[in-house]
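Comments concern the structure below.
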2 protein chains.
Amino acid sequence: MTSTEGPAQPAGRTRDAARTRAEILAVATREFARLGYAGARVDEIAARTRTTKRMIYYYFGGKEQLFTAVLERAYSRIREAEQLLDVEHLDPVAAVRRLAELTFDHHEAHPDFIRLVSIENIHEAEHIAASAELSRISSPAINVLTRILDTGRESGLFTADVDAVDLHAMISSFCFFRIANRHTFGALFGRDLVAAGQREHYRTMLGDMIIAYLTADRAA
Amino acid sequence: MTSTEGPAQPAGRTRDAARTRAEILAVATREFARLGYAGARVDEIAARTRTTKRMIYYYFGGKEQLFTAVLERAYSRIREAEQLLDVEHLDPVAAVRRLAELTFDHHEAHPDFIRLVSIENIHEAEHIAASAELSRISSPAINVLTRILDTGRESGLFTADVDAVDLHAMISSFCFFRIANRHTFGALFGRDLVAAGQREHYRTMLGDMIIAYLTADRAA
DNA sequence: CCGTTAATGTACGGACTGGTTAGTTAGTCA
DNA sequence: TGACTAACTAACCAGTCCGTACATTAACGG
């Protein structure tokens, strides 16, 4: 609630388009993630900002476009993280495990992102479809996975009949479910999938599952 | 829009509490699943019913309780389906695969249920927590899984260190993700996880993954 | 130091929304 | 058959919500 950035104007407002825009985006991300698209209130987003509702319409045009901008930023962040992937020096088994673990960690570290994705799916991805930026680019992780799979298959280690996209779905489902559905799962089965003490258990479980699948003896 | 049930009053309304209640519940399920809790409109639900908004408040008390009732019915249905599980005569491997496939089929057949669960998770399962009916009972599938796992482990077939709840999470994640996230996944990776032609591919993939995990050679 | 414009704030409109009030009608049972 | 109650309807209300018209001010180039 107190001023948190550098030069700290006493109470006066500096004009800083970039900062205002960024602050709106940050607050909107929290609110949309917390309450869903329809549940989030433009007035409330504005109130939690150091600026006014007028600025939301000035910079973004409307609620819908604001939500799209929130999605764009959220996805661009995960893409940035994926670009830092550096696993191709590992052997295929270790590389896949490492990649799965990074996905696991990223999902755990960004629950708001998970919620936004859930929400966007309720809306049948209409905002993604309408966004040139989002519908264009794909995930760097897919390319990395493709190369690892090729190497693994060449060496005869991997026997499974999957491509990178399917494998990515497989890895993501577990990571996503664990975060997205923790509440209903916890309420119904009395088990907290995100309990700190269980973290390593589930992280290992994910890796074991993926590796077991990829390397299973299909003759059986 | 025309009368769909038996005796078909010309235009006059019969008094039938059970039918009215059931119709409200059915319409509400569709609307909540389609638009989310906040996005659904009580007026709209009423309009799609042969009765009025007042009846929603008469029978359910309010929007919140109506949503809870919708969840209760949705969950009771899946429990009913699970009670029909009859896989314990199979050997453990076949039994687990069959169970996974039934989960797969059920998720695919009830996308509205998946959406409701997603929505309830956005609300951090507050309605489930508030519902005595829902927070009490657990899934029959867990008991079945427990017995299969025991048998499989006794015979030395299963080597994995999981209990029924974790395995259930593992199976559900894939089934759930495939339906719940098909829109964003399709938009971003250009692959329709629910395409009819891919159904067998993913169904097999799920079974292979679960069996590979359970039976993997842990020495490796 | 003044004109211009990007950036910001205020106040409000108009449609909508969940919930309610007041009243009506169909069925039932004494 | 007439009192009684459950089932039902229409109209409305108070508050909310997205969006905008209009006024204002900081910053910057000349």
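The sequence lines fix the lettering, A, B, ..., with proteins before strands; numbering per chain opens at 1.
Relative orientation of the Phe185(A) and Phe189(A) rings is tilted, given thresholds of 30° and 60° on the angle between their planes. Classified by interplanar angle (parallel below 30°, tilted 30° to 60°, perpendicular above 60°), the ring pair Tyr202(A)/Phe174(A) is tilted.
The residues Glu124(B) and Arg115(A) are annotated as salt-bridged, a charged nitrogen and a carboxylate oxygen being separated by less than 4.0 angstrom. Salt-bridge check for Glu108(A) with Arg199(A): passed, with a basic side-chain N closer than 4.0 Å to an acidic carboxylate O. A salt bridge does not link Arg77(A) with Asp112(A): none of the charged nitrogens is closer than 4.0 Å to a carboxylate oxygen.
When distances run from any side-chain atom of Val42(A) to the nucleotides dC18(D), dG19(C), dA7(C), the shortest one goes to dC18(D). Among the nucleotides dT20(D), dT8(C), dT20(C), the one closest to the side chain of Tyr57(B) is dT20(C).
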Which pairs would a plain distance check flag for residues 54-63 of chain A, meaning a side-chain donor or acceptor within less than 3.5 Å of a matching protein atom at least two apart in sequence or in another chain?
from     : atom 1 : to       : atom 2 : distance (Å)
Lys63(A) : NZ     : Tyr37(A) : O      : 3.0
Lys63(A) : NZ     : Ala40(A) : O      : 3.0

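Among the atoms of the strands shown, none is found under 4.0 Å from any heavy atom of Ala46(B). Within 4.0 Å of Ala40(A), counting heavy atoms only, lie sugar-phosphate atoms of the nucleic acid but no base atom. Within 4.0 Å (heavy atoms only), Phe60(B) reaches no atom of the nucleic acid at all. Within 4.0 Å (heavy atoms only), Tyr58(A) reaches at least one base atom of the nucleic acid.
Distances shorter than 4.0 Å separate some side-chain N or O of Thr20(A) from OP1 or OP2 on dT8(C). In this model, the phosphate group of dA6(D) is not approached by any side-chain N or O of Tyr59(B) to a distance below 4.0 Å at OP1 or OP2.
Taking atom CE on Met55(B) and atom P on dT9(D), their separation rounds to 6 Å, with Å as the unit. Spacing between atom NZ of Lys63(B) and atom C1' of dT20(C) amounts to 17 Å, rounded to whole angstrom units.
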Atom pairs, protein N/O to nucleotides 10-16 of chain C N/O, distance under 3.5 Å:
none

